[in-house]
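Throughout, residue positions are numbered sequentially from 1 according to the sequence presented. Just so you know, ligand 1 is whichever comes first in the structure, and atom 1 is the first atom listed for that ligand.
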Amino acid sequence: MRTQVAIIGAGPSGLLLGQLLHKAGIDAIIVERQSGDYVLGRIRAGVLEQVTTDLLDEAGVGQRMHREGLVHGGFDMLFKGERHRIDLHRLTGGKNVMVYGQTEVTHDLMDARQAAGLTTIYEASQVSVHDFESAKPRVRYEKDGQTHEIECDFIAGCDGFHGVCRASVPKRAITEFEKIYPFGWLGMLSDTPPVHHELIYANSTRGFALCSQRSHTRSRYYLQVPMTDTVENWSDAAFWDELRLRLDPAAREQLVTGPALEKSIAPLRSFVAEPMRFGQMFLAGDAAHIVPPTGAKGLNLAATDVKYLSSAFIEHYQDKSDAGIDHYSARCLRRIWRAERFSWWFTGLMHNFPENGPIGQKLQEAELDYIVNSEVGARSVAENYVGLPLDFGE
Ligand code: RFL
Ligand code: PHB
C-alpha cells in the first residue's frame, strides 16, 4: 500500500488531521490499534476553545456541535464555601467556550470519514514505524494474521501518550519533561441534570471537585482522589456523598443524583517531549504532550498541533514549500508550554496538597480571593481558559 501521509492513531488528533488533509486533496491512511467502538467508549474532554470549534468547522464537521453543544460564557470558582463567577465573555472581549464531549467530536469525525469513503484500519496489531529519517518511511502492522506495509512520504504520530511513534525515536534524539501528581481524578458520568448551568471548579479542604456536563440532562463530575484509590472502592453513593461535601450549600441543595453510566480514575501528569519532528515523522496531540485536565487544554492543544501540521503538509504539496514543516516543532512547542504553564498553575491552585499543610490551603484561598476580586487576576485566568489566539506573541 502507498499513501502520502500515514497517520498512526484514530483519536481526535488523527481523525481531524485525516479530515483536513482530505479537504486539501492529500491522501492519508489511518492505522488504529483499537476498535472504533473502543475509541468512542473513552469518556474524556468536554470543553472546546473557539480555536478548536473553528477548526472543526473548517474540517466540515461542526454542524451537530453547533446544534447540540452548549455555549458557556463563564464558570464558577468555589472556595471557602462560596462561589464566584469568572465572566469569560466580558473579560475576553466576547469569547466563549463550547461544552461538547470528546466522544461526540470523535463520532462526528468518524462519520465524516466513513461518508467520504476514507481508509481507517482498526484493530491493527504490532504497529511499527520504520526509516522515518529517510525519504521513504514505512509503517508495518498485522491484521487478521497477516503482515501489511504502508509506504508513505510522512508519518503523523497521533497515537497518544502510550503510542509507538514517540517510543520509536532513539533516546538521544528526544528530551522529555515530566511531572507526575500524587492524585488522580475520579470521573463519573450520569443521566442527571447538571447541578448548575455552567461549570463549577471547587477548591475544598477535602480536595478538588469539578461539576461539568455533557447536555441539559447529562452530568460529568470529578473528584480529586489519591492514586492509591480504585474505582471499586467508590460506590455511586460514596461518590455523591463526597461530592456534596465539597460543594457550597446552594449547589448541595440543587444536586440531583442517579446511577453512574461510567466511572474511571485518570492520573494527572504534565509532560512534554521535545522536539516534535524526527525526519519525516511528526508527533501531534497526547503523543507529544500531556496536561493535567484542570485547564481543559488537552484536546484543544491536540487540535492546534493538527492545525499547524495540516497546514505544513498542504504547503509542502501545494506550494512546494517546506517552511511549515521546518517550523512545526518550534511553533507547536511555544503554544504547548504556555498551556502547560496554565494547566500546572491551575492544578496547583485548586487541588489539595497535604504535604503543604494548613498554610498551603490558606495561601490558595488568598490567591483565589485575589483572582476573583481583581479585574487583572480574573482576566488572566479567563484569557488562558478560553485559549490564547493562534498567533499569540508572534
Ligand atoms: P488519544 O485520544 O489518546 O488517541 C490516540 C489514539 O492512538 C491509538 N494508539 C495506537 N494506534 C495504533 N498503533 C499504536 N501503537 C497505538 N497506540 C495508541 C489509541 O488507541 C488512540 O485511539 O490522543 P489524541 O488524539 O492526541 O487526543 C488527545 C485527547 O484525547 C486528550 O488530550 C484529552 O482527552 C485531554 N482531556 C481534556 N482535553 C481538553 O481539551 N478539554 C477537557 O475538558 C479535557 N478533559 C481530558 C479531560 C483527559 C482526561 N483523561 C482521561 C486523561 C478529562 C480527562 C479525565
Ligand atoms: C469534562 O467535562 O470532562 C471536563 C471539563 C473541564 C475540565 C476537564 C474536564 O477542566
Side-chain angles (χ1 to χ4, degrees), residues 6-18 30-36 38-49 51-52 70 72 75 97-103 105-106 109-110 120-129 139-143 155-168 184-189 194 198-201 208 210-215 218-222 262 264-269 271 283-306 339 342-343 346-347 350 385 387:
I7 301 173
I8 315 299
S13 301
L15 289 169
L16 181 58
L17 180 62
I30 305 186
V31 182
E32 164 63 51
R33 177 164 68 178
Q34 306 286 358
S35 70
Y38 182 93
V39 173
L40 281 176
R42 294 189 292 225
I43 312 294
R44 288 186 172 179
V47 176
L48 308 181
E49 297 173 5
V51 166
T52 306
L70 306 172
H72 283 201
F75 65 83
V97 292
M98 173 80 84
V99 174
Y100 189 65
Q102 178 167 331
T103 312
V105 173
T106 309
L109 285 163
M110 281 168 96
T120 313
I121 298 147
Y122 283 102
E123 298 180 86
S125 61
Q126 312 295 327
V127 178
S128 55
V129 290
V139 174
R140 217 175 280 150
Y141 64 92
E142 286 179 20
K143 169 106 185 161
I155 297 174
C158 300
D159 49 349
F161 184 67
H162 299 288
V164 68
C165 293
R166 193 183 73 250
S168 303
W185 277 18
L186 169 65
M188 187 211 251
L189 189 70
E198 291 180 339
L199 271 59
I200 305 174
Y201 287 83
F208 171 76
L210 171 60
C211 305
S212 184
Q213 53 194 259
R214 292 291 176 271
S215 70
R218 184 167 283 190
S219 306
R220 179 71 167 161
Y221 295 108
Y222 295 99
E262 189 261 6
S264 52
I265 295 180
L268 263 63
R269 180 194 307 268
F271 175 87
L283 303 180
D286 280 14
H289 45 80
I290 298 285
V291 285
T294 325
K297 290 280 161 263
L299 177 57
N300 293 298
L301 273 184
T304 39
D305 289 356
V306 165
F342 175 67
S343 305
F346 201 25
T347 301
M350 299 307 292
Y385 192 83

What do we get for [X] next to ligand 2 when only non-hydrogen atoms under 4.0 Å count, side chain, backbone, both or neither?
X      : value
Arg214 : side chain
Val99  : neither
Tyr100 : neither

Exercise. Heavy atom under 4.0 Å from ligand 1: found in Lys297's side chain, backbone, both, or neither?
Worked result: backbone

Quick one: look up the protein heavy atom nearest [atom] and list residue, atom name and how far away it is.
atom                    : result
atom 3 (O) of ligand 1  : Arg44 NH1, 3.2 Å
atom 6 (C) of ligand 2  : Tyr201 OH, 3.3 Å
atom 2 (O) of ligand 2  : Ser212 OG, 2.6 Å
atom 9 (C) of ligand 2  : Tyr222 CE1, 3.7 Å
atom 8 (C) of ligand 2  : Pro293 O, 3.4 Å
atom 34 (O) of ligand 1 : Gln102 OE1, 2.6 Å

Which option out of [options] puts a heavy atom nearest to [atom]?
atom                    : options                       : answer
atom 27 (O) of ligand 1 : Gly285, Pro292, Pro12         : Pro12
atom 5 (C) of ligand 1  : Cys158, Gly157, Ala124, Gly14 : Cys158
atom 47 (C) of ligand 1 : Ser343, Gly387, Gly160, Ala45 : Ala45

Any donor-acceptor pair under 3.5 Å linking the side chain of [X] with the backbone of [Y]?
X      : Y      : value
Lys297 : Ile290 : no
Asp159 : Val164 : yes
Asp305 : Gly285 : yes

With atoms numbered from 1 as shown, which atoms in ligand 2 lie under 4.0 angstrom from a non-hydrogen atom of [X]?
X      : result
Leu199 : 5 (C), 6 (C)
Thr294 : 10 (O)
Val47  : 5 (C), 6 (C)

Exercise. What class does the angle between the rings of Phe208 and Tyr201 fall in, given that below 30° is parallel, 30 to 60° is tilted and above 60° is perpendicular?
Worked result: tilted

Exercise. What is the ring orientation for Tyr385 with Phe342, classed by angle as parallel under 30°, tilted 30 to 60°, or perpendicular over 60°?
Worked result: perpendicular

Indicate yes or no: does an N/O atom of [X] lie under 3.5 Å from an N/O atom of ligand 1?
X      : result
Val127 : no
Ala287 : no
Asn300 : yes

For this session: Run the numbers on Arg220 and Glu262 for salt bridge (Lys or Arg N to Asp or Glu O under 4.0 Å), then give the verdict.
Result: CA-CA 10 Å; Arg220 179 71 167 161; Glu262 189 261 6; 2.9 Å; yes

Problem set entry | Side chain proximity check, Asn300 to Val51, heavy atoms < 4.5 angstrom | no

Exercise. If we only count heavy atoms from C-beta on, is the Leu283 to Cys165 side-chain gap below 4.5 Å?
Worked result: yes

Problem set entry | Non-hydrogen atom of Gln102 closer than 4.0 Å to ligand 2 | no

Problem set entry | Contact with ligand 1 for Glu49, non-hydrogen, under 4.0 angstrom | no

For this session: Kindly confirm or rule out a cation-pi arrangement of Arg33 over Tyr141, judged by NZ or CZ under 6.0 Å from the six-membered ring centre and within 45° of its axis?
Result: no

For this session: For Tyr38, look at atom OH and say whether over 12 heavy atoms of other residues, nucleotides or ligands are found less than 6.0 Å away.
Result: no

